[in-house]
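See structure below.
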Number of protein chains: 2
Amino acid sequence: MTLASEPTDHTGYWMRMVSNAVSQEFARKVSSEDVTVAEWTFMRALYDLEPTPPSALAERMGMTKGAISKLAERLVVKGLVERTESQEDKRAHSLSLTTEGRAKIPILASLADENDAGFFGVLTNDEHEALDRILKALAERRGLKTTPVD
Amino acid sequence: MTLASEPTDHTGYWMRMVSNAVSQEFARKVSSEDVTVAEWTFMRALYDLEPTPPSALAERMGMTKGAISKLAERLVVKGLVERTESQEDKRAHSLSLTTEGRAKIPILASLADENDAGFFGVLTNDEHEALDRILKALAERRGLKTTPVD
DNA sequence: GTAATTAAGTTTCCTAGTCAACAATGATTT
DNA sequence: AAATCATTGTTGACTAGGAAACTTAATTAC
């Protein structure tokens with residue numbers, strides 16, 4: 001017997017290898033639009049939810065409120081997101097995409113489509129379908145829910 | 001038609017969600033041994049290669065030499081890794097596990113085994129085998145090679 | 001109706017990477 | 001043998017996120 005199992009014996013090893021590669025390739029693509037993957041994830045969530053308080057984004061993205069606060073600030077500085085003060089609750093505010101931010105959504109979305117199609121295009125249809133099915137089953141059975149950022 | 005595809009339409013989305021969950025769970029487990037995932041990956045690579053120059057680890061782990069330099073330093077401080085000056089080349093040195101570091105390998109390896117088995121244990125054998133097969137095919141066909149850290 | 005508690009966001013400090021500049025040494029050219 | 005060029009590893013400036021302290025405002029308890 002050996003003292004230590006091989007890392008390559010683990011599904012998690014291959015999972016991370018592939019996942020990192022997809023993300024890195026996507027990061028490279030979105031950087032052409034001067035946006036990071038986290039920023040895209042944020043904007044895409046906002047597109048579905050706007051106007052929404054930062055706390056909802058934190059929940060959805062599985063990030064701390066501190067991280068969301070800084071991420072939002074970066075996007076405000078870039079002119080892609082704007083804050084609106086709440087009248088009922090003076091502590092709170094809501095976030096929305098600016099016109100410029102909203103205009104970027106379809107562009108970034110098609111980069112995301114392209115990236116996924118390109119990366120997983122080396123699989124046969126059967127393989128691709130099986131992979132999707134198994135990943136979704138895993139997420140379901142393990143009760144995963146937050147939108148992955150990195 | 002919609003302006004933007006759903007993130008959940010992408011295989012990469014589910015991939016990241018699952019991969020992040022495995023990593024986070026593993027990070028929690030290894031922290032009980034006062035080690036980070038990057039540190040474990042480093043030590044496990046060293047276990048196979050020692051004594052080896054930092055540059056080889058950087059290559060294997062897909063990290064910059066700067067990152068490796070700092071990671072090695074942290075492990076030296078923890079007493080898990082040691083440096084040996086090279087005689088032929090005064091710029092170079094090689095890294096090895098200390099006795100203490102080597103003693104941790106089987107412990108951490110079994111945490112890794114446990115983590116993988118536990119996480120993917122919700123899959124049927126057929127699903128698990130299919131997942132492994134497809135991930136390896138993907139890595140192969142896309143020419144991926146570095147040991148994933150995070 | 002005031003005090004204590006809870007909630008929303010921000011800020012500070014910390015960790016862990018990248019990238020690029022660097023010092024020191026070694027290799028190559030001429 | 002000197003000058004140039006390449007390589008090894010470290011350092012410093014910067015980025016991005018987490019944890020927890022903090023500020024301000026709202027809610028609850030009494």
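Order of the sequence lines fixes the chain letters, A, B, ..., with proteins taken first and strands second; residue numbering starts at 1 for each chain.
- For the side chain to side chain donor-acceptor pair (under 3.5 Å) test, residues two or more places apart in sequence or in another chain that qualify with T124(A) are E127(A).
- Of the candidates dG9(D), dA16(C), dG17(D), dG17(D) carries the atom nearest the A38(A) side chain, counting heavy atoms from C-beta on.
- S55(A) has a side-chain polar atom (N or O) that falls below the 4.0 Å cut-off from OP1 or OP2 of dG9(C).
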Protein-to-nucleotide contact annotation, 5' to 3' order, nucleotides 20-28 of chain C [B base; S sugar-phosphate only; - none; under 4.0 Å, heavy atom]: ----BBS--
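- Nearest-nucleotide positions on DNA chain D place A92(B) closer to the 5' end than the other of A92(B) and A67(B).
- Look at CG on L57(A): it is 16 Å from C1' on dG17(D), rounded to the nearest Å.
- Per the geometry, CD belonging to E59(A) stands 16 Å off C1' belonging to dG9(C), to the nearest Å.
- For the pair N20(A) CG and dG17(C) C1', the interatomic distance rounds to 13 Å; values are reported in whole Å.
- With sequence neighbours excluded, no residue forms a salt bridge (Lys or Arg N to Asp or Glu O under 4.0 Å) with D9(A).
- Partners of K90(B) by side chain to side chain donor-acceptor pair (under 3.5 Å), not counting sequence neighbours: none found.
- When the side-chain contact (heavy atoms from CB on, under 4.5 Å) test is applied to E82(B), the partners found at least two apart in sequence or on another chain are S96(B), T98(B).
- Put simply, the side chain of P51(B) does not reach to within 4.5 Å of the side chain of L46(B), judged on heavy atoms.
- Applying the salt bridge (charged side-chain N to carboxylate O under 4.0 Å, His left out) test to every pair with at least one member in residues 104-120 of chain A, sequence neighbours left out, gives these pairs: E33(A)-K104(A).
- Every residue two or more places apart in sequence or in another chain that forms a side chain to side chain donor-acceptor pair (under 3.5 Å) with E73(B) is listed here: R83(B).
- Taking a 4.0 Å limit (strictly below) on heavy-atom distances, residues 68-85 of chain B reaches DNA chain D at S69(B), K70(B), R83(B).
- Remark: R44(A) pairs with D48(A) by the side chain to side chain donor-acceptor pair (under 3.5 Å) rule, at least two apart or across chains.
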